[in-house]
Every structure is written in structure tokens, then in C-alpha cells.
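Written below as C-alpha cells is the structure these notes are about.
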Amino acid sequence: LHSSELSWTKKNPSAKKMFKIGDEISCVITEIDKDKRRVAISHKMTLENPFTLLEKKFPVESIVEGTISSINDYAIYLKIDGFDIDGFLHSNDLSYTGKPEEELKKYRKGEKLKVKILEIKTSEQKVRVGHRQTKPDPFKDFFKDKKINQTITVKIESKDNKSLFVRPEGCEMDFQIKKSQIAINTADARPSRFTGGERIDCAISDLNLEKRKVILS
């Protein structure tokens, strides 16, 4: 009975910690190789797969709560309430507006968090969740009634050598205007023309609400 067949949720289960000599446990025969005189058995297959249970009770798009079990440089792991399962919460899915690395610093181990289930991979025993998805999306709220070629007014928040970063009036998100979209003439398409803080008009040259992508010109 290989250690990988002891538990659905423990990544490296210890047979010594889970059982002692003389214990009687239930197992399922998973393979019989008569030529090699080998029998493979599984203990976890006698137990219901918690990932299957989760999918039945809380399918994708469900809102659940959990407790932060660990945090690394790019993600949070969340113990989902009522399940011995850690959900993977990438820093990109913490907030619609904040920088991922800054958002991570706001959370601590042991904190409770409300999340939406984004993906359940039962065969790989993985669950991906998102926190920002439990809140209104400022991108969709702002652009839901906008059309391609429509003109909007934006304020220049910052710039670099290749683009301007602007915030539309009535929106809490910043967007990029690439150098090639600043002006028709190459000589005029310089971000350095602007000092910052100016209000300018720009057109929506492309918009995809589902992918949350917009090109401003």
C-alpha cells in the first residue's frame, strides 16, 4: 500500500503517523499482476474523494469561506470551511485595482476570507479560488454601456518612455495608452509631450468585456 494511496488531501502522508502495526484498515484492490505476483491496493479509495464532494456541494462559481493556512510570494492557500482542502488563491485574483504584490501584504495566516470557486480539478486534486470575483468588477461596471469608437475623457496619471497611464473620469482603474496610439505622426507620439495631470479625450478602439481588455487611442 503506497503512501500516495493513503489520503486524498495529504500531499506526503506518513504511514507511521496515520497507522500502527496491528491496525485493521479497509482497502480497494486496484491492480493484480499475476505474472509479477503483485497486488496494488488503495486505502483512500474506500473513502469519498473530498474534491468530488466539494464539486457536488459547491460547484464552480459558488461562494465559500475559508481560513488562510499559508502565504508565499505569489499566492495564498486557503483551507475551505468544512473540507480538508486547500484552495489556491493567486495574488492576481485578490483585487481588481491594487498591485498583486501589495495586496498580498494585507493578509495574514489564520484570517477568514470569502472567495469564489473558479476551478476544480478532481483528478489533479486542485482547487483554484478568487477573492476579487466576490466583488463588483469596476472594469465591467464602467465599460458595460460603452461602445467601440466612443470618445471618453481620461486623466493622465503617469507615463514612461513607451506609454501613458490614464484614468477615465468616473472609473477607479488605470489603463495604458501605447506610444503608437498617442498620435498619427511619429514625432508627436511622445509620452514626454505630457507633464501628467492633463485631461485628454481618447477613443475606445477595441473592447472585450469577457476578457476584460480595452485599447484606448
Side-chain angles (χ1 to χ4, degrees), residues 1-19 25-31 40-144 173 207-214:
L1 170 54
H2 193 268
S3 62
S4 63
E5 294 299 322
L6 293 178
S7 169
W8 288 110
T9 55
K10 292 183 175 66
K11 289 184 178 178
N12 295 298
S14 167
K16 286 185 177 181
K17 289 180 180 177
M18 289 180 67
F19 307 109
I25 60 172
S26 298
C27 292
V28 170
I29 295 171
T30 57
E31 186 183 4
I41 58 176
S42 171
H43 172 63
K44 72 180 184 183
M45 286 183 68
T46 65
L47 313 168
E48 187 147 23
N49 186 339
F51 292 89
T52 305
L53 277 175
L54 179 70
E55 196 166 19
K56 285 179 185 175
K57 191 172 181 180
F58 299 111
V60 171
E61 295 294 309
S62 298
I63 304 293
V64 297
E65 286 194 344
T67 305
I68 296 174
S69 54
S70 65
I71 302 173
N72 61 25
D73 291 339
Y74 60 89
I76 286 174
Y77 289 90
L78 198 77
K79 188 76 71 179
I80 298 170
D81 286 359
F83 293 86
D84 188 22
I85 292 175
D86 272 339
F88 174 79
L89 171 54
H90 196 278
S91 57
N92 289 341
D93 288 316
L94 283 171
S95 168
Y96 284 117
T97 54
K99 293 181 179 179
E101 60 273 14
E102 295 298 323
E103 290 297 314
L104 266 179
K105 295 175 184 176
K106 296 179 181 179
Y107 299 93
R108 296 287 179 270
K109 185 177 177 180
E111 279 185 41
K112 295 282 284 186
L113 208 58
K114 185 181 285 187
V115 294
K116 178 180 275 192
I117 294 179
L118 305 179
E119 188 177 29
I120 300 175
K121 291 184 177 179
T122 305
S123 58
E124 297 176 32
Q125 298 174 38
K126 290 179 180 178
V127 178
R128 188 167 64 87
V129 298
H131 178 57
R132 71 178 185 176
Q133 288 82 355
T134 63
K135 300 175 181 180
D137 183 348
F139 182 95
K140 291 181 179 179
D141 285 349
F142 181 78
F143 286 105
K144 65 186 177 186
M173 298 181 73
L207 177 63
N208 188 318
L209 285 176
E210 288 307 307
K211 293 182 178 180
R212 302 180 74 256
K213 289 183 177 180
V214 65

(request) Apply the test side-chain contact (heavy atoms from CB on, under 4.5 Å) to residues R128 and I120: give CA-CA distance (whole Å), side-chain angles for both, the deciding distance (0.1 Å), then the verdict. (result) CA-CA 7 Å; R128 188 167 64 87; I120 300 175; over 6 Å; no

(request) Run the numbers on N72 and S70 for side-chain contact (heavy atoms from CB on, under 4.5 Å), then give the verdict. (result) CA-CA 7 Å; N72 61 25; S70 65; over 6 Å; no

Could you tell me the separation between the [atom1] atom of [X] and the [atom2] atom of [Y], rounded to the nearest 0.5 Å?
X	Y	atom1	atom2	answer
N92	E103	CG	CD	11.0 Å
F19	H43	CZ	NE2	4.0 Å
T30	I41	OG1	CD1	8.0 Å
I68	D86	CD1	CG	11.5 Å
K10	Q125	NZ	CD	12.0 Å
L94	I76	CG	CD1	5.0 Å

(request) Determine yes or no for a side-chain-to-main-chain donor-acceptor pair under 3.5 angstrom, with E111 supplying the side chain and R108 the backbone. (result) yes

(message) Closer than 3.5 angstrom, by distance alone: can the side chain of S42 be matched with the main-chain N or O of V28 as a donor-acceptor pair?
(response) no

(message) Tell me whether the rings of Y107 and H131 are parallel (<30°), tilted (30 to 60°) or perpendicular (>60°).
(response) perpendicular

Least distance between heavy atoms, [X] atom then [Y] atom:
X	Y	result
K140	L209	CE-O, 3.2 Å
V129	G87	CG2-C, 4.3 Å
K114	T134	O-CG2, 3.8 Å
L47	W8	O-NE1, 3.2 Å
T122	E55	OG1-OE1, 3.1 Å
P13	S3	CG-O, 3.1 Å

(request) Could you tell me whether K116 and D93 have a side-chain N and a carboxylate O separated by less than 4.0 Å? (result) no

(request) For the residue pair K126 and F88, establish whether any side-chain heavy-atom pair is separated by less than 4.5 Å. (result) no

(request) State, with a plain yes or no, whether a side-chain heavy atom of T9 is found less than 4.5 Å away from one of F51. (result) yes

(request) Under the ring-ring contact (aromatic ring centres under 6.0 Å, His included) rule, collect the residues that match up with F83, sequence neighbours excluded. (result) none

Using a 6.0 Å cut-off, check whether atom [atom1] of [X] has over 12 heavy atoms from anything other than its own residue.
X	atom1	value
N12	CG	no
K112	NZ	yes
M45	CE	no

